[in-house]
Amino acid sequence: MLNLEKLTKRYGALTALDDVSLRIESGEFFGLLGPNGAGKSTLMSLIAGLRPADAGTLAFDGVALNADNSASRLALGLVPQNIALYQELSAEQNLRIFGQLFGLRGAGLRERVEEGLAAVQLIDRREDQVKSFSGGMQRRLNLVAALLHRPKLLLCDEPTVGVDPQSRNAIFEYLERLNREGLTVIYTTHYMEEATRLCSRIG
Ligand code: ADP
């Protein structure tokens, strides 16, 4: 599904990724395990198209990923390490905006927003501003925002940092269910126990 060949990324004099090659098959739950500073987020940002590589190639389902092919990128979902939600808006308003950015409209959008809120147990908080949410609730909403358009591949960048055990479990169970239903996941973490529980393969 995803093929990375000899990727290199430099920030000035610092080489964050050095000749990284990786193949992810459809249906995998792939763990990218490493300490802070290992280059995990950099690799995710390259796959998501947020930054260009200095060398190497990326291909998704055989199609080169570059700045021009947004069609391929619509098959990706990114759960960024930092919460990327509008704090002044409600949970429901946030999901509607993210859904619209992915091209959803009308009844289809409403349905996905409902499903998303239900999946992460936020139905009864739908009208509350995100800034009133706990860290764990924000993480759960952040996850759902990346899934509204039904990506084939989900990139999760340390999605449980600062999360209470209950929310962490809810996130794990949701990801495991989605993976059983066919979603391919790349999951970065520096927690070995998370990688052991979730991942079918670890790099
Ligand atoms: P991880 O996600 O594994 O913690 P990162 O990809 O965030 O690792 O960082 C890899 C290395 O690249 C680190 O040494 C980090 O300081 C450096 N780095 C990351 N982003 C930038 C940036 N925007 N500018 C300069 N250096 C960066």
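Quick note: residue numbers are just sequence positions, from 1. Only heavy atoms go into these numbers, but all of them, side chains included; no hydrogens, no water, no symmetry mates. Each ligand, and each atom within it, is numbered from 1 in the order the structure gives.
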Ligand 1: which protein N/O atoms lie under 3.5 Å from its N/O atoms?
residue, atom, partner, partner atom, Å
ligand 1, 2 (O), Ser41, N, 2.8
ligand 1, 2 (O), Ser41, OG, 2.9
ligand 1, 3 (O), Ala38, N, 3.1
ligand 1, 3 (O), Gly39, N, 2.9
ligand 1, 3 (O), Lys40, N, 2.9
ligand 1, 3 (O), Lys40, NZ, 2.9
ligand 1, 4 (O), Gly37, N, 2.7
ligand 1, 6 (O), Thr42, N, 2.9
ligand 1, 6 (O), Thr42, OG1, 2.6
ligand 1, 8 (O), Gly39, N, 3.0

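Lys40 contributes atom NZ, which lies 14.0 Å from atom CD1 of Ile186 (distance to the nearest 0.5 angstrom).
Applying the ring-ring contact (aromatic ring centres under 6.0 Å, His included) rule to pairs touching residues 133-180 yields Phe102-His149, sequence neighbours excluded. The stretch residues 103-114 participates, sequence neighbours left out, in these salt bridge (charged side-chain N to carboxylate O under 4.0 Å, His left out) pairs: Glu114-Arg126.
Between Arg177 and Glu181 there is a salt bridge, since a side-chain N of the basic residue sits under 4.0 Å from a carboxylate O of the acidic one.
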When the side chains of residues 42-49 are checked against the rest of the protein, which donor-acceptor pairs come out under 3.5 Å, sequence neighbours left out?
residue, atom, partner, partner atom, Å
Thr42, OG1, Tyr11, OH, 2.9
Ser45, OG, Ser41, O, 3.4
Ser45, OG, Thr42, O, 2.8
Ser45, OG, Arg51, NH1, 3.0

Q) Going through the checks in order, is the side-chain contact (heavy atoms from CB on, under 4.5 Å) test met by Val113 and Leu104? A) CA-CA 10 Å; Val113 169; Leu104 297 171; over 6 Å; no
